[in-house]
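Basis for what follows: all heavy atoms, side chains included, without hydrogens, waters or symmetry-related copies. Ligands are counted one by one from 1 in listed order, and the atoms in each one are counted from 1 as well. Count residues from 1 along the sequence. Only a predicted model underlies this, so the values are computations on that prediction, with no experimental measurement involved.
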Amino acid sequence: MKIIVTGGAGFIGSNFVHYVYRERPDWHITVLDALTYAGNRANLEGLDPSRVTFIEGNITDAELVDKLVAEHDAVVHYAAESHNDNSLKNPRPFLDTNIIGTYTILEAVRKHGKRLHHISTDEVYGDLELDDPNRFTENTPYNPSSPYSSTKAGSDLLVRAWVRSFGVQATISNCSNNYGPYQHVEKFIPRQVTEILEGRRPKLYGTGENVRDWIHTEDHSSAVLTILEKGAIGETYLIGADGEKDNKSVVELILTEMGKGADEYDHVNDRPGHDMRYAIDSTKLRTELGWMPKFTDFEAGLKSTIDWYTANESWWKPQKAETEAKYAK
Ligand code: NAD
Ligand code: DAU
């Protein structure tokens, strides 16, 4: 099996590359990544180059994408502009990569008759009230809030249309908030951990009552591999590990774990249009494909993530000052 992993130098994509490298020793992986501010070659260090090829290139480059797709069996499509806060400041790159990039990949897999798995997010469904007994399912109507989530919703709809109109062999997954090693310091958990490591206080948007449904990135990887191998063409699968936590509790856990007082954080301005709550019902994936998450002890996963950032300062230091300067602006 020869697969292309787009965005394989980013957070979740690189964790998937490491996962497949371990779990499928006879597969060859080609990473296609533009190395934007979020991509990092260091995420792929230590992998045998005879089994993993790195191509620096853009998913909107139709000629390059066509050539690569022709030479492979399947594409696992992670590449995206992924951060909500950035999309509120400058939406344009989100349209280029998330919409035009996905269109470019769809045209190539259509032409060459290759398998596609499209990675998406639970944010396409909008948000839930804190007291809503329901969770998102595959039948929840799309209702995205931000430029980021609306472009991801658009990319999902393109995939669905290419399946129905052109018979493209694609599946889609929508996952909840990931955490783990190699996550960019712009995101919530790594930002707070590295703020503490640099001697500053964590920053909570608004009241901090917003809820995210946390999943360890290793569980996301096992779910994607399961769908790639066993998923039914044209189907969407929601990926989640029953990990709902409000932001305030997560900050308090991080502070306590790092030897600080649980109240040593600041409330800062809220994110415009801030989604209140995400919650995933992953019954379909569990019952139809037999997947189960393994890393469901959030406190243990958070502790090992804090340990990873503490031990890998040379990995995150180069991104930190630039990220905080962006936030300050
Ligand atoms: P990330 O920002 O860490 O990584 C994105 C990667 O894509 C980077 O390596 C970047 O260089 C690359 N990239 C961006 N634009 C590109 C382009 N035009 N051409 C080629 N490569 C390009 O993102 P992430 O958090 O790892 O998210 C990966 C995917 O998973 C995204 O599709 C995202 O929507 C989805 N997702 C993320 C989460 C989460 O919690 N982070 C949850 C559910 C789904
Ligand atoms: O739900 C899946 C989505 O999760 C993915 O599609 C996105 O790619 C990914 O970035 C993530 O989106 P969020 O907006 O939920 O993640 P973020 O890490 O930016 O923020 C998580 C929560 O923490 C959110 O409620 C905003 C809040 N927050 C964030 C930052 C950076 C803070 O309170 N303070 C902060 O400094």
Side-chain angles (χ1 to χ4, degrees), residues 5-16 31-41 43-44 55-61 64-65 76-88 93-94 96-98 100-102 104-105 118-125 127 136 144-146 148-149 151-152 155-156 173-180 182-192 195 202-215 217 220 224 238-240 245-248 250-251 265-271 273-280 323-324 327:
V5 178
T6 72
F11 164 46
I12 311 183
S14 65
N15 275 289
F16 180 74
V31 171
L32 172 61
D33 196 297
L35 294 182
T36 68
Y37 78 96
N40 192 342
R41 281 291 267 126
N43 297 2
L44 300 168
I55 309 268
E56 183 173 346
N58 202 300
I59 56 165
T60 60
D61 179 343
L64 173 66
V65 169
V76 186
H77 175 34
Y78 286 91
E81 285 293 335
S82 68
H83 193 38
N84 277 298
D85 291 331
N86 293 341
S87 81
L88 294 161
F94 290 75
D96 292 337
T97 291
N98 301 358
I100 301 298
T102 302
T104 307
I105 289 165
H118 175 65
I119 305 295
S120 193
T121 168
D122 57 0
E123 295 192 16
V124 299
Y125 300 114
D127 61 352
F136 299 139
S145 313
S146 73
Y148 162 67
S149 52
T151 57
K152 290 298 292 187
S155 68
D156 293 8
S173 56
N174 298 78
C175 188
S176 60
N177 283 64
N178 284 224
Y179 74 101
Y182 302 116
Q183 186 167 30
H184 195 278
V185 296
E186 68 190 356
K187 303 295 191 326
F188 180 54
I189 289 176
R191 185 180 188 207
Q192 313 314 337
E195 283 295 88
K203 288 148 186 73
L204 202 53
Y205 292 171
T207 60
E209 61 189 333
N210 308 66
V211 169
R212 296 294 180 265
D213 189 353
W214 294 99
I215 180 171
T217 187
H220 189 180
V224 168
L238 262 56
I239 306 174
K245 293 257 178 302
D246 65 72
N247 294 341
K248 186 168 168 291
V250 175
V251 161
Y265 62 85
D266 294 321
H267 289 277
V268 296
N269 286 346
D270 207 353
R271 173 184 281 171
H274 196 173
D275 280 340
M276 184 51 78
R277 172 174 163 240
Y278 307 137
I280 289 270
T323 303
E324 288 308 318
Y327 274 123

Q: Work out whether the distance between some heavy atom of A9 and some atom of ligand 1 is less than 4.0 Å.
A: yes

Q. What orientation do Y125 and F136 show, parallel under 30°, tilted 30 to 60°, or perpendicular over 60°?
A. tilted

Q. Looking only at distance, does C175 have an N or O less than 3.5 Å from an N or O of ligand 1?
A. no

Q.
Is it the case that ligand 2 has an N or O less than 3.5 angstrom from some N or O of T121?
A. yes

(Q) Please report the interatomic distance CG(L64) to CG(N58), rounded to the nearest 0.5 Å. (A) 9.0 Å

**Q.** Nitrogen or oxygen of N58 less than 3.5 angstrom from that of ligand 1
**A.** yes

Q | Closest protein heavy atom to atom 4 (O) of ligand 1, given as residue, atom name and distance to 0.1 Å | A | G10 CA, 3.5 Å

Q) Is it the side chain, the backbone, both or neither of S14 that has a heavy atom closer than 4.0 Å to ligand 1? A) neither

Q: Measure from atom 37 (C) of ligand 1 to every heavy atom in D33, V5, N15, I12 and give the option owning the shortest one.
A: I12

(Q) Below the 3.5 angstrom mark, is there an N/O of D122, backbone or side chain, next to an N/O of ligand 2? (A) yes

Q.
Looking only at distances, can you tell me whether any N or O atom of T36, backbone or side chain, sits closer than 3.5 Å to an N or O atom of ligand 1?
A. yes

Q.
Taking 4.0 angstrom as the limit and counting only heavy atoms of I119, give me the atoms of ligand 1 inside it, by number and element.
A. 30 (O), 32 (O), 35 (C)

Q.
Could you tell me if Y265 and Q192 have a donor-acceptor pair between their side chains, going purely by distance under 3.5 Å?
A. no

Q. Counting both backbone and side chain atoms, is some N or O of F188 under 3.5 Å from an N or O of ligand 2?
A. yes

Q.
Evaluate T121 for polar contact with ligand 1, using N/O atom pairs at a separation under 3.5 Å.
A. no

Q. Closer than 4.0 angstrom: is that true for some heavy atom of G8 and an atom of ligand 1?
A. no

Q: Would you mind telling me if ligand 1 is within reach of the side chain of T6, the backbone, both or neither, using heavy atoms under 4.0 Å?
A: neither

Q.
I want to know if ligand 1 touches A79 in the polar sense, i.e. an N/O pair below 3.5 angstrom.
A. no

Q: For N178, counting its heavy atoms only, list the atoms of ligand 1 lying under 4.0 Å from any of them.
A: 39 (C), 40 (O), 42 (C)

Q) Heavy-atom contacts under 4.0 Å between E186 and ligand 2: side chain, backbone, both, or neither? A) backbone

Q. Which residue and non-hydrogen atom of the protein lie closest to atom 26 (C) of ligand 2, and at what distance in Å?
A. H274 NE2, 3.4 Å

Q.
At under 4.0 Å between heavy atoms, is it the side chain or the backbone of N247 that contacts ligand 2, or both, or neither?
A. side chain

Q. Counting both backbone and side chain atoms, is some N or O of E81 under 3.5 Å from an N or O of ligand 1?
A. no

Q: Anything under 30° is parallel, anything over 60° is perpendicular, the rest tilted; go ahead and classify Y327 against H83.
A: perpendicular

Q.
Quick check: N210 and ligand 2, any N/O pair under 3.5 Å apart?
A. no

Q.
Return the closest protein heavy atom for atom 34 (N) of ligand 2 as residue, atom name and distance.
A. K203 O, 2.8 Å

Q) Where's the contact between P93 and ligand 1, heavy-atom distance under 4.0 Å: side chain, backbone, both or neither? A) neither

Q. Mind checking whether K152 has a heavy atom under 4.0 Å from ligand 2?
A. no

Q | For N177, the ligand 1 atoms whose distance to one of its heavy atoms is below 4.0 Å | A | 40 (O)

Q.
What I'd like to find out is whether the side chain of K152 reaches to under 4.5 Å of the side chain of F94, using heavy atoms alone.
A. no

Q: Would you please determine whether H184 falls within less than 4.0 Å of ligand 1 on a heavy-atom basis?
A: no

Q: Looking only at distances, please establish whether an N/O atom of ligand 1 is found under 3.5 Å from an N/O atom of S120.
A: no

Q. If we only count N/O pairs under 3.5 Å, is N177 in contact with ligand 2?
A. yes

Q | From E123, K187, H83 - option closest to atom 12 (O) of ligand 2 by heavy atom | A | E123

Q | Within-cut-off N or O pair, S82 and ligand 2, under 3.5 Å | A | yes

**Q.** N210 and F188, any side-chain heavy atoms less than 4.5 Å apart
**A.** no

Q) Quick one: does W214 get an N or O within less than 3.5 Å of an N or O on ligand 2? A) no

Q: Would you check whether Y327 has a nitrogen or oxygen atom less than 3.5 angstrom from a nitrogen or oxygen atom of ligand 2?
A: no

Q: Could you point out which residue of T102, N98, D156 forms a side-chain hydrogen bond (donor to acceptor under 3.5 Å, both in side chains) with S120?
A: D156

Q | H77 and ligand 1 - part of the residue with a heavy-atom distance under 4.0 Å | A | neither

**Q.** Taking atom 15 (N) of ligand 1 as the reference point, the nearest protein heavy atom with its distance
**A.** T97 CG2, 3.5 Å

Q | Atoms in ligand 1 flagged as close to Y78, the criterion being non-hydrogen separation under 4.0 Å | A | 28 (C), 29 (C), 31 (C), 32 (O)

Q) Any nitrogen or oxygen of Q183, main chain or side chain, under 3.5 Å from a nitrogen or oxygen of ligand 1? A) no

Q: For residues L35 and N40, report the shortest heavy-atom separation together with the two atoms involved.
A: CD2-N, 3.9 Å

Q: Just need the protein heavy atom nearest to atom 29 (C) of ligand 2, so name the residue and atom and give the distance.
A: Y205 CE1, 3.5 Å

Q. Taking the six-membered ring of Y179 as reference, does the NZ or CZ atom of R212 fall below 6.0 Å from its centre and within a 45° cone about the axis?
A. no

Q. Has ligand 1 got any nitrogen or oxygen that is less than 3.5 angstrom from a nitrogen or oxygen of T60?
A. no

**Q.** Contacting atoms of ligand 1, where contact means under 4.0 angstrom from a heavy atom of A38
**A.** 2 (O), 8 (C)

Q. For ligand 1, is any non-hydrogen atom under 4.0 Å from Y148's backbone (N, CA, C, O), its side chain (CB onward), both, or neither?
A. side chain

Q.
Within the 4.5 Å heavy-atom criterion, are Y205 and D85 side-chain neighbours or not?
A. yes

Q | Nitrogen or oxygen atoms of F11 and ligand 1 under 3.5 Å apart | A | yes

Q. By number and element, which atoms of ligand 1 are closer than 4.0 Å to a non-hydrogen atom of L35?
A. 11 (O)

(Q) Heavy atoms only: which of G39, S82, G57 lies closest to atom 2 (O) of ligand 1? (A) S82

